[in-house]
Structures are given as structure tokens and as C-alpha cells.
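Read the structure below first, then the notes.
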Amino acid sequence: LICSLKGYYVKAAQTLCGAGLFPVEFNEAFAVLLDQCPKEPYSEVCKIIESELRCKIDDVFMDFQEEAIAAASIGQVHFASLKDGTQVAVKVQYPEVERYFAMDVQTVGFLMGIIGM
């Protein structure tokens, strides 16, 4: 469930898991979030990049690796080459992260208050 919610929920679970605040069973279940966050498909990544750059991905990059080399709670990273041959790492922020961040923080704060944290 947390993996599908992404963003702040994954970051909160990572933080709490790393802090040792959960029972051992929870830490084991959430440990996957520390190094195996889900990745967005390339088709979605391409839409995000083209929307941000306001041009086609091929207009900027000579090569763009479709498979992300890493994924985290708020985005993922792809290797690419610019048109001039410069090798770059492109960090792509998931679109819903910014939109829901404030609401997520309020929700987590409310839930933490309920459980006395």
C-alpha cells in the first residue's frame, strides 16, 4: 500500500524504519522501501520530461536510458547523453509529489498524533 502511495508516505516509512520506532516485524516489512522503491514506466517519465522542458526528449538528448538506475520516494534517476555528447544523470520528480506534499504532511502529522508520537 505504501509503495503505491509514493511520495511522503514512502519517505515517512523509510525514516521511521531507519529510526527503529517500529516493531521488528514492521521494520522487516518496510525495509524493502530503503532500497527497492517502485519505478515509473518510461512512457510516464518521457511525458514528465517533455512537459518540463517544453520540447521532445529527442530534441535535448542524443541517448536516454529507459531503465531507471535508481528510484526513491519522490523520483527516479536515468542516465542520458546530451546532444553534444555530455553524459548526464537526469533526476525526474514524480508529478504527484509536489501536488500532494502539503496534504501528506498534514495527514501523517494527524496520524502520528493519534498514535501518540
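Remember, predicted model here, so these are calculated numbers, not experimental data. Each residue takes its place number in the sequence, starting with 1. All values below were derived from every heavy atom in this structure, side-chain atoms included, with hydrogens, water molecules and symmetry-related copies excluded.
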Distance-only donor-acceptor check, side chains Y94 and Q76, under 3.5 Å: yes
same_hphob_cluster(V45, I69) at 4.5 Å side-chain heavy-atom cutoff: no
From K83 atom NZ to D63 atom CG, the distance as rounded to the nearest 0.5 Å: 10.5 Å
Co-membership, hydrophobic cluster, residues V88 and I48, 4.5 Å side-chain: yes
Aromatic ring pairing Y42/F64, orientation class (parallel under 30°, perpendicular over 60°, tilted between): tilted
Backbone of Q65 reached by a side-chain donor or acceptor of H78 within 3.5 Å: yes
Separation between CG of L82 and CD of Q87, rounded to the nearest 0.5 Å: 9.0 Å
Same apolar cluster (I L V M F W Y, side chains within < 4.5 Å links), V77/F79: yes
Under 3.5 Å: donor-acceptor pair, side chain of K39, backbone of A68: yes
Rounded distance [0.5 Å steps], CD in E66 versus OG in S43: 9.5 Å
Nearest heavy atoms of I57 and E50, plus distance in Å: N-OE2, 3.0 Å
Atom NZ of K91 with >12 non-hydrogen neighbours under 6.0 angstrom: no
